[in-house]
Amino acid sequence: MSDLTTTAPRRKDTPLRRLARQFLEDRIAVAALAVFLAVALFTLLGPFIVPQNPYDLAQLDFMDGGLPPGSQSFSGMTYWLGTDTQGRDMLSAIAYGLRISLAVSFTSLILALIIGVAAGLAAAYFGGRIDTLIMRVVDIQLSFPSILIALILLALFGRGIDKVILAIVIVQWADFARTVRSSAIVERRKEYIEAAHCLGLSRQRTMFRHLLPNSLPPLIVLATVKIASAISLEATLSFLGAGVPITQPSLGLLIANGYDFLLSGRYWIAIFPGVALLITIVAINLVGDRLRDVLNPRLQK
Amino acid sequence: MLVYLIRRLGQSLLVVVVMATLVFLGVYAIGNPVDILVAPDAGAAEIARVTERLGLDKPMWQQFLTFAGNALQGDLGDSFVYGRPALEIILERMPATLELTFVALVLSTGLGVSLGLVAGLWPESVAGRTIMAGSILGFSLPSFWQGMLLIMVFSVMLGWLPAGGRGDTVEIFGGLRVSFLTWDGLVHMILPAINLTIFKMSLVIRLARATTREVVPQDYVKFARAKGVSRLRITFVHVLKNMMIPVVTIVGLELGSMIAFAVVTETVFSWPGMGKLLIDSINLLDRPLIVAYLMMTVLIIVTINLVVDVIYTLLDPRVRLAGTSA
Amino acid sequence: MNRLYLTAAVAALALGTQAQAESLAIALKTEPNSIDPHFNYSAVNIAPLSNIYDPLVESDAVKKPIPALATSWTALDDLRWEIKLRQGVTFHDGSPLTPRDVVYSWCRAPLIENSPSSYATFVNKMASIEIVDDSTLIFTTKEPNPLMWSDLSQIFIISAAKMGAEETVTFGAEGCTGMGEVPQSAVFSDLGYAMGTGPYKVTEFNRGEALRLEAYDGFWGDKPDYDDVTIRTISSDGPRVAALLAGDVQLIESPPIQDIERIKGEGFKTTETKSARVIYLQLRQDMTETPPMMEAEGNPLHDQRVRQAISYAINRQGIVDRIMGGYAEAAGELLAPPMFGTTGRAVDPYDPEKAKALLAEAGYGDGFKVTLGAPNDRYVNDERVAQAIAQMLTQVGITTDVDATTASQFFSRRNKLDFGMFMAGWGSSSGDTSSPLNAMVATANKDIGAGGWNYGRYSNPVVDEKIAKALVTVDDAEREKLLQEAETIALDEFGILPLHYELTVWAMAPEVHYEPRSDQRTAAYLVEKAE
């Protein structure tokens with residue numbers, strides 16, 4: 001199990017370095033990270049390298065719609081991944097769509113994480129009325145089916161990227177709060193927290209130095225799951241007719257559009273955005289998996 | 001314990017009331033149902049008649065008071081579309097959803113915990129890696145897309161299973177219609193149940209694996225192994241026991257969302273449950289049905305949360321109930 | 001002879017599939033919300049219920065009247081119509097059809113309290129219904145009614161005795177008498193009430209699951225080809241097609257057009273016909289200030305040249321070919337010719353250069369910005385058509401965005417006049433142009449029930465007058481002329497822009513045949529065995 005010959009950590013070895021070193025020990029995780037960075041790079045540079053801006057209607061021609069991969073347009077451009085019914089070059093559409101999907105899901109994840117962790121820690125640490133109040137709000141939140149909150153919000157405010165982010169944050173923060181609380185509450189009863197109290201450590205210090213790190217493993221599991229579900233929720237909203245505007249399709253909306261063509265044999269409309277989505281999410285999850293193993297104090301060598 | 005329960009029930013009631021208000025105000029702010037209900041070639045008189053009958057000519061606060069008054073007496077209003085009590089229509093559809101959800105829950109917990117255990121105990125093995133790779137795929141694809149692929153493969157290409165609908169049902173306990181007791185019904189249930197299971201199962205696998213890996217290196221497990229207790233026994237007694245809290249949490253949380261997410265599966269597979277009813281109701285702006293659906297879902301979820309909290313205390317004595325401490 | 005019979009019988013037994021061939025499964029897009037025929041005036045209910053109940057007059061596949069429970073309907077003067085009732089018709093319990101049942105049914109239709117959309121619209125046009133003798137009724141209308149047959153086809157006839165009516169039921173100026181306690185729609189959960197004179201009896205109705213029917217032996221007309229029918233509802237397009245391909249059902253309505261090629265490729269058949277529905281653009285043109293969801297100086301749509309430019313910028317044939325897969329027809333009118341009141345007006349040409357020139361001439365050479373509203377779940381490929389239009393308008397300089405939402409939200413916003421420009425569809429229930437003209441072209445005026453759907457606010461008194469006159473003109477030739485003139489003026493002023501006529505498509509297994517109908521109805525009794 002543990003390597004007894006390992007010497008004690010050197011002084012320069014900061015926790016961050018140790019983390020990075022441990023992370024890099026797993027080849028799959030490194031590969032996943034590389035893939036994710038490649039995807040991120042493609043997302044950032046995409047608009048400069050792909051042949052078309054699919055959000056500019058003047059550049060589209062629906063007469064070029066539904067062409068199979070490798071077709072040539074009237075003007076001689078090659079559609080490597082084919083076109084959808086509006087004549088969007090799928091490669092360009094995926095580059096732009098990934099941008100929107102990742103921006104939407106990461107922005108909403110970070111916001112939901114901040115709100116959820118703060119609320120969950122507060123509930124676990126203070127207990128009593130604060131706990132009851134926060135957990136009742138969480139209950140109310142979780143009582144709403146997430147699709148429905150999102151649908152109602154989008155119906156009230158109309159379609160739009162900012163509204164989708166708002167809807168996802170509102171849907172997701174409560175899960176974080178509940179998970180943080182449920183693991184922190186177990187930790188709180190443990191001896192070391194009581195010991196920390198006895199030592200006279202301040203409340204904030206206890207919360208953030210001790211409760212939070214111990215709540216991290218489940219949080220990271222949840223966060224990787226939530227990234228996937230944020231992208232998926234956004235796709236589902238598009239499938240149900242809400243979500244981002246139709247003229248600026250996200251990856252989710254591209255898949256939802258492709259859904260209509262699954263039976264018809266125009267596989268490329270549905271498959272390529274789906275594959276892009278799959279690669280992205282699997283990469284995120286593999287990285288998250290490794291991070292979780294590395295972060296878990298009880299699994300550390 | 002009793003005081004705690006009463007207090008929790010009180011809180012839960014409050015949640016339901018707050019929810020009803022929010023949902024009512026939210027739903028009633030969207031659109032005008034008369035625009036959808038009345039046939040396009042009907043005249044202004046017909047539009048006025050329907051508006052008045054539905055009480056839409058009154059200000060919103062008055063509509064809300066009427067709704068609240070009736071709701072207190074257990075009447076959630078008549079469906080705009082069906083003209084019958086909304087609650088009655090939902091209860092009619094509920095067994096289909098609950099049946100599907102229950103099957104999916106049993107499948108996802110049972111399979112999820114077992115596979116997660118395997119992946120946690122032997123993380124480097126082929127089986128362990130395959131399971132984890134599978135679980136990653138499992139929640140990577142949106143449910144509607146995955147459902148469509150299932151239909152494509154198993155109904156259209158292979159022709160093994162029906163593409164949608166509920167098939168034959170039988171009545172049990174005087175009126176409850178279930179499909180798992182007929183062959184035709186069972187066959188119709190396979191694809192939607194799998195579709196609903198995959199996502200939750202992946203969650204449970206990951207959770208079960210994470211917990212297993214945390215528990216295995218802990219002292220008492222090492223101690224038990226040192227004492228010569230067999231690996232199998234350690235697995236079952238210690239790991240399973242320690243895994244229960246997080247699994248119960250996630251199952252508790254996810255059962256509610258599963259009922260809600262059945263919306264998508266039911267839409268894709270045309271499964272006649274209350275989720276599909278909800279989507280239809282949203283499209284037709286059938287406000288009483290939407291509100292009644294949400295309130296029923298809220299009731300179910302609040303109940304589940306209550307049960308989960310009680311089970312917590314039974315599983316881990318260190319978690320003291322909020323109401324009984326101090 | 002005997003031997004032949006025997007052989008046939010043995011063959012039938014041996015095949016064993018004979019019994020199965022007699023049963024039929026259909027998948028519809030939407031489920032009826034009640035099997036009370038008077039509950040909801042909606043095509044969704046009428047289609048399945050037409051298997052169970054009959055009206056006095058029926059319309060055929062091309063929207064022409066054919067006799068049903070009435071063998072004839074003759075105008076005695078401008079207001080009075082003599083109806084001859086078919087003899088020897090029985091309800092599903094064997095009791096004979098009488099004039100009392102007709103009066104009772106017309107009386108009951110407006111009395112359904114919870115109706116989401118009532119049949120009162122039709123009943124209220126009648127002043128009285130008198131019973132002359134066992135086979136004759138006189139309907140008196142309040143206004144001259146050129147479309148009497150269409151109204152007579154709307155009310156399904158049910159049994160007065162079963163509903164608990166009194167011996168004598170009357171329909172006079174003061175309303176109805178002798179109705180007894182009128183059962184509301186809820187009683188139809190007892191299937192015994194769902195009793196008509198139609199070709200099928202109801203055997204089971206499980207909401208969300210299936211409506212099961214069995215052929216009625218005593219039916220007055222031709223016996224339908226299939227004895228046992230299951231009508232399912234599969235609202236999602238993909239699964240509906242999959243159910244057909246998997247053999248779960250033999251007939252589906254409205255398969256998505258992108259799947260038709262595949263359906264045919266797997267040995268299934270499709271039939272299609274032009275529907276009475278036109279997809280159109282409405283442009284907010286009455287106001288001089290800028291309409292909602294638009295960025296421009298003043299209201300460009302107020303200028304007829306701009307409206308013409310928009311029409312010329314749209315490649316209708318391109319939409320039909322590429323977005324609609326050929327299952328539509330470019331439109332130049334509000335109803336597909338040669339239906340009643342149409343002129344055969346040419347489709348506006350696709351001429352982007354002319355469109356740019358017209359815009360420049362109107363002072364909008366630099367273009368303007370507009371958001372096109374559209375539903376995304378109402379019409380065939382609606383969202384895609386809207387995007388294609390946005391592309392084409394953007395290319396002539398009108399920067400166009402698309403705001404596509406579910407029909408419920410779209411209609412509510414449209415009805416509040418939230419859109420400067422939107423795309424929608426209109427199906428003529430009467431099968432002539434009076435319906436779209438009165439609803440969308442006549443000046444909006446609640447008091448006379450005109451222009452109820454004129455959300456572009458086109459207004460021309462000359463057109464109004466012609467439409468109003470046509471509505472009460474019984475003489476067909478004169479009425480058609482008025483309708484044609486009104487339509488031509490409105491379209492030549494680009495008051496409303498027709499885009500295309502939808503085709504209605506059915507897909508079916510090779511062993512069945514379905515004659516396409518312009519009213520889009522999918523009914524079991526019309527399904528035939530293929531030869």
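All chains are named by letter (A, B, ...) in the order of the sequence lines, taking the proteins before the strands, and each is independently numbered beginning at 1. It should be emphasised that the depicted structure is a prediction, and the values quoted were computed from it without experimental measurement.
The distance from the CD atom of C:Gln395 to the CD atom of A:Gln59 is 10.5 Å, given to the nearest 0.5 Å. A distance of 7.5 Å separates CD in C:Gln387 from CG in A:Asp84, rounded to the nearest 0.5 Å. Atom CE of C:Met392 is separated from atom CG of A:Asp61 by 9.0 Å, given to the nearest 0.5 angstrom. Rounded to the nearest 0.5 angstrom, A:Leu57 CG and C:Asp401 CG are separated by 7.0 Å.
A donor-acceptor pair is defined here as one N or O able to donate and one able to accept, closer than 3.5 Å; such a pair exists between the side chain of C:Arg322 and the backbone of A:Gly65. Judged by distance alone, with hydrogens and angles left aside, the side-chain atoms of C:Gln391 form a donor-acceptor pair with the main-chain N or O of A:Phe62 at under 3.5 Å.
For chain A, the nearby parts of C:Ile319 are the backbone and the side chain; heavy atoms of each come within less than 4.5 Å. Contacts between C:Thr400 and chain A at a heavy-atom distance below 4.5 Å involve the backbone alone (N, CA, C, O).
Heavy-atom neighbours of C:Glu297 CD from other residues, nucleotides or ligands within 6.0 Å: at or below the threshold of 12. Counting non-hydrogen atoms of other residues, nucleotides and ligands closer than 6.0 Å to CG of C:Asp366 gives a total of 12 or fewer.
Considering all non-hydrogen atoms of both residues, C:Arg384 and A:Thr85 come closest at CD-OG1, 3.4 Å.
Highest contact tally toward chain A, considering only C:Ile323, C:Asp321, C:Leu245, is held by C:Ile323 [criterion: heavy-atom pairs under 4.5 Å].
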